[in-house]
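Presented below is the structure to which this report refers.
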Amino acid sequence: MLNPARNSLFDRYLGISRLLAGQLDFNSIIQAVAAEISHIIPHDHLDVCIKMLDGKYHIAYESGIETAWSKHPPALLTGSPIRTLLSGDVDFLLSPDACADPRFHFEGAFASPIIELSLRSRLHVPLKVQGNIIGALSCSSHERDSYTMEDVENARSIADLLAPYFFALRAAEQAKRSAIVETEARAREEGLRLGALKLTEALEAERQRIGMDLHDQTLADLTRLSRRMERLTGLRELSGETLEPICRTLQQCMHDLRQIIEEAKPTVLQLFGVAEAIENHLERSVRESGQAIEWRMIDESDGALVDLDQTVATALFRIVQEAVNNAIRHAQPKVILVRLASRERILSIEVDDDGHGLRSSQDKAGHGIDNMKTRARLISARFEIGGHADASGTSVKVTLPVRPKPLPEAFP
Ligand SMILES: Nc1ncnc2c1ncn2[C@@H]1O[C@H](COP(=O)(O)OP(=O)(O)OP(=O)(O)O)[C@@H](O)[C@H]1O
Ligand SMILES: [Mg+2]
């Protein structure tokens with residue numbers, strides 16, 4: 001006749017097998033089987049730790065009480081309280097009181113949850129697949145001395161049931177992770193490629209425009225000038241009167257040429273937008289200043305700067321440009337912080353420095369601040385400049401409401 005105790009144990013194992021079916025991640029497996037395991041090995045805390053494929057780190061998954069073990073990112077195997085089990089030095093660990101068991105508490109051991117949550121009785125068995133240790137199954141109880149060698153044997157049988165599932169899951173997760181990393185790398189590459197393409201296209205378009213402008217305008221002017229000069233070579237005497245229109249045309253020609261050169265610069269602002277242009281200006285001007293200034297840009301604008309009208313974008317950029325230039329030129333700051341934010345359709349850009357601040361009376365030297373104010377007024381933005389609440393440094397802030405994006409035509 002079959003032993004009823006063995007019979008019901010067998011049923012429990014079958015129950016665990018059935019619960020495993022269809023579970024697709026570590027946490028769901030553990031949550032699914034923990035109750036069934038508690039009938040075989042009563043516990044207050046159950047965890048499964050899985051060694052990562054690199055053999056250096058492990059991840060813990062828990063049921064019962066949640067501890068810092070599972071909240072942590074992958075931890076080093078060398079700091080695991082059960083490192084001797086994970087390395088195969090021992091085949092199981094059974095402790096009547098883990099809080100006082102020196103095997104779990106060594107220099108650098110991540111054993112704080114044992115003490116904090118009073119995990120006293122503990123038993124640990126390896127999860128093995130084809131003789132290789134892929135992790136460990138651990139049961140703990142708040143009571144002292146709860147587990148026996150019989151529990152260790154039962155835990156081994158459960159571990160043998162679980163190990164192949166965890167092995168397959170680990171392989172699948174690792175493959176998923178590598179696929180994500182690869183996709184991200186490809187997306188980054190593609191982003192760079194598109195950026196470079198955009199830049200090349202813009203530069204090419206610009207090159208063509210400059211070519212046309214130079215041809216239609218400056219070259220035509222210079223050709224006219226040269227014809228007039230040819231005619232002058234036949235004259236005996238040159239008077240100021242004859243030379244005057246030539247000088248005028250030459251000056252006009254130089255002015256036009258300057259204009260073409262000025263317009264020829266496809267700026268980062270036009271190509272990539274306000275945020276990129278500000279970051280680019282910050283980086284370049286701090287570097288060129290030769291001062292040891294730390295700069296940071298925090299972009300919480302949530303894309304609100306992307307669809308700005310070109311005039312508004314240019315005005316905002318020029319305001320920030322001047323504020324940054326002022327901070328570098330006048331403030332001797334350690335830090336310059338630019339914060340772009342968008343909250344409830346209000347866009348704000350703030351330039352803060354921790355320098356010596358504005359010195360009221362004599363600080364009226366140039367036109368920069370006036371220009372910032374005018375630019376802000378022209379785009380209906382609010383402009384503020386002043387010291388910080390603790391009177392240190394200078395803060396320049398420009399705020400403006402942003403229009404909601406128009407809905408696509410399908411949604412009138
Ligand atoms: N971030 C700042 N920290 C300390 N002082 C500042 C700061 N910004 C401006 N100032 C002071 O305010 C004055 C006026 O600034 P403003 O930008 O109007 O003129 P400027 O920088 O001197 O000259 P310009 O901008 O016309 O080349 C500056 O000369 C400087 O003394
Ligand atoms: Mg200035």
Verdict with reasoning, Ser146 to Ser121, per side chain to side chain donor-acceptor pair (under 3.5 Å)
CA-CA 6 Å; Ser146 307; Ser121 300; 3.2 Å; yes

Can you list the steps and then say if Ile16 with Ile37 is a side chain to side chain contact (heavy atoms under 4.5 Å, CB included)?
CA-CA 8 Å; Ile16 292 175; Ile37 293 176; 3.9 Å; yes

Side chain to side chain contact (heavy atoms under 4.5 Å, CB included), that's the test. Do Arg296 and Arg339 meet it? Break it down for me.
CA-CA 8 Å; Arg296 250 176 302 144; Arg339 188 189 294 273; over 6 Å; no

Give the intermediate values and the outcome of side chain to side chain contact (heavy atoms under 4.5 Å, CB included) for residues Leu86 and Cys49.
CA-CA 9 Å; Leu86 292 170; Cys49 100; 3.7 Å; yes

Go through the steps for Ser342 and Asp302 under the test side chain to side chain donor-acceptor pair (under 3.5 Å), then give the verdict.
CA-CA 7 Å; Ser342 157; Asp302 208 13; over 6 Å; no

Applying salt bridge (Lys or Arg N to Asp or Glu O under 4.0 Å) to Arg248 and Glu244, what does each step give before you reach the verdict?
CA-CA 6 Å; Arg248 218 174 337 109; Glu244 200 272 335; 3.0 Å; yes

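For Gln130, the CD atom is loosely surrounded, since the number of other residues' heavy atoms within 6.0 Å does not exceed 12. Heavy-atom neighbours of Tyr57 OH from other residues, nucleotides or ligands within 6.0 Å: at or below the threshold of 12. The local environment of OH in Tyr13 is crowded, with over 12 non-hydrogen atoms from other residues, nucleotides or ligands closer than 6.0 Å.
His105 places a side-chain N or O within 3.5 Å of a backbone atom of Ala98 that can act as its donor or acceptor partner. Listed for the His367 side chain is no donor-acceptor partner under 3.5 Å among the backbone atoms of Asn371. Checking side-chain atoms of His43 against main-chain N and O of Ser141 turns up no donor-acceptor pair under 3.5 Å. Put simply, the side chain of Tyr147 gets close to the backbone of Pro42: a donor and an acceptor are under 3.5 Å apart.
For the pair Phe383/Val396, a side-chain contact is recorded, criterion being any heavy-atom separation below 4.5 Å from C-beta on. Considering only heavy atoms from C-beta on, Val338 stays 4.5 Å or farther from Glu350 through its side chain. Looking only at side-chain heavy atoms (C-beta outward), Val274 and Val312 stay at 4.5 Å or farther from each other. The closest side-chain heavy-atom distance from Pro333 to Gln291 is below 4.5 Å.
When Asp97, Asp47, Asp145, Asp151 are each tested for a salt bridge (Lys or Arg N to Asp or Glu O under 4.0 Å) with Arg122, only one passes: Asp47. The side-chain contact (heavy atoms from CB on, under 4.5 Å) test with Ile82 singles out one residue from Val90, Leu93, Leu77, Val125, and that residue is Leu93. Considering Glu153, His124, Arg156 in turn, Arg156 is the only one that fulfils the side-chain contact (heavy atoms from CB on, under 4.5 Å) rule with Phe92.
A salt bridge links Arg12 and Glu36; the closest N-O separation between the charged side-chain nitrogens and carboxylate oxygens is under 4.0 Å. By the 4.0 Å N-to-carboxylate-O rule, Asp44 lies too far from Arg120 to be salt-bridged with it. Between Arg287 and Glu283 there is a salt bridge, with a side-chain nitrogen of the basic residue lying less than 4.0 Å from a carboxylate oxygen of the acidic one. With respect to the salt-bridge test (charged N to carboxylate O, under 4.0 angstrom), the residues Arg103 and Asp101 qualify. A salt bridge links Arg186 with Glu182: at least one charged nitrogen is closer than 4.0 Å to a carboxylate oxygen. Salt-bridge check for Arg343 with Glu300: passed, with a basic side-chain N closer than 4.0 Å to an acidic carboxylate O.
Taking the centre of each ring, His58 and Phe110 stay at or above the 6.0 Å mark.
Taking the six-membered ring where the residue is Trp, Phe26 and Tyr61 present parallel rings, their angle staying beneath 30° rather than reaching 60°.
For the pair Arg83 and Phe104, the NZ or CZ position fails the cation-pi test of under 6.0 Å to the six-membered ring centre and within 45 degrees of the ring normal.
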